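These notes are about the structure you will find just below.
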Amino acid sequence: MIQKSDIPNLLTVLRIILVFPTGWCIMQGWFYWALGLFFVAGVSDLADGYLARTYNWVSELGGILDPMADKVLMTVSYFAMAWQELIPWWLFFIVVGRDLIIVVGAL
C-alpha cells in the first residue's frame, strides 16, 4: 500500500518517466509539447522537494533517484537538441562532462 511518505518518490519516478516523451518531442520538433512536459517535470521536482523537506518524507531511495532524474532529463534534452542541431555538440559534451564530474565526485 502506498503511504503519504511515498509521494515524493512517486513524483520522482513520474519525472523519470517524462524523460522519454520529452526527448521524443524534441526529436520530432514538437517544441511546445516538449516545453509542456519539461514544465510538468519541473513542477514535480519542486513538489517532491517541498514535500520531502516540509514533512520530512525523505528516503535513501529518494536521495539517489531525485538527482538521477534531474541528470537524465537534462542529458536527454541536451542530446535531443544537439541531434536536431538546435545547440552545438560541444555544449552537449560540456554539460554531460560536468554532470559526470559531479557524479564521480559524489561517489
Side-chain angles (χ1 to χ4, degrees):
M1 181 166 174
I2 296 174
Q3 300 174 0
K4 288 182 185 180
S5 60
D6 294 330
I7 294 172
N9 288 344
L10 293 173
L11 289 171
T12 300
V13 170
L14 169 68
R15 195 160 69 255
I16 293 170
I17 292 169
L18 288 176
V19 166
F20 304 105
T22 302
W24 176 256
C25 287
I26 294 170
M27 297 292 281
Q28 298 302 312
W30 303 336
F31 302 121
Y32 289 113
W33 282 103
L35 181 62
L37 291 170
F38 205 90
F39 179 78
V40 170
V43 170
S44 77
D45 189 24
L46 180 70
D48 85 61
Y50 173 78
L51 292 170
R53 284 187 301 277
T54 302
Y55 299 106
N56 199 29
W57 292 344
V58 295
S59 69
E60 188 174 329
L61 178 63
I64 294 168
L65 284 182
D66 187 62
M68 183 187 76
D70 296 339
K71 302 276 185 251
V72 171
L73 179 61
M74 293 304 295
T75 300
V76 168
S77 297
Y78 271 88
F79 176 82
M81 289 187 290
W83 187 266
Q84 290 294 96
E85 298 179 348
L86 300 170
I87 62 168
W89 279 102
W90 61 263
L91 181 58
F92 165 75
F93 289 115
I94 286 175
V95 170
V96 171
R98 177 195 62 122
D99 286 346
L100 284 174
I101 289 169
I102 291 170
V103 168
V104 168
L107 293 175

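Hydrogens, waters and symmetry mates play no part in the numbers below; they use all other heavy atoms, side chains included. Predicted model only: the values in this text are computed from it and were never measured.
- Under the 4.5 Å side-chain criterion, counting only non-hydrogen atoms from C-beta, V76 is not in contact with F20.
- Within the structure, every pair that satisfies the ring pair (Phe, Tyr, Trp, His ring centres under 6.0 Å) test and touches residues 57-78, not counting sequence neighbours, is listed here: Y55-W57.
- Applying the salt bridge (charged side-chain N to carboxylate O under 4.0 Å, His left out) test to every pair with at least one member in residues 30-43, sequence neighbours left out, gives no pairs at all.
- Atom-to-atom distance recorded for L100:CG and F93:CZ is 11.0 Å, nearest 0.5 angstrom.
- Listed by chain and residue number, A52, N56 satisfy the side chain to side chain contact (heavy atoms under 4.5 Å, CB included) test with V58 (two or more places apart in sequence, or in another chain).
- If you take CG on L11 and CG on D66, they are separated by 10.0 Å, rounding to the nearest 0.5 Å.
- Between the CG atom of N9 and the CG atom of L14 there is a distance of 12.5 Å, given to the nearest 0.5 Å.
- In this structure, F38 and S77 have side chains that are in contact, with non-hydrogen atoms separated by less than 4.5 Å.
- The stretch residues 32-48 participates, sequence neighbours left out, in these side-chain hydrogen bond (donor to acceptor under 3.5 Å, both in side chains) pairs: T12-D48, R15-D45, R15-D48.
- Grouping Ile, Leu, Val, Met, Phe, Trp and Tyr residues whose side-chain heavy atoms lie under 4.5 Å apart, directly or via other members, places V43 in a hydrophobic cluster with F39.
- Contacts classified as side-chain hydrogen bond (donor to acceptor under 3.5 Å, both in side chains) and involving residues 81-99 (residues at least two apart or in different chains) are not found.
- Within the 4.5 Å cutoff, no side-chain heavy atoms of T75 are placed close to those of V95.
- Side-chain contact between V72 and I16 is absent, with no heavy atoms from C-beta onward closer than 4.5 Å.
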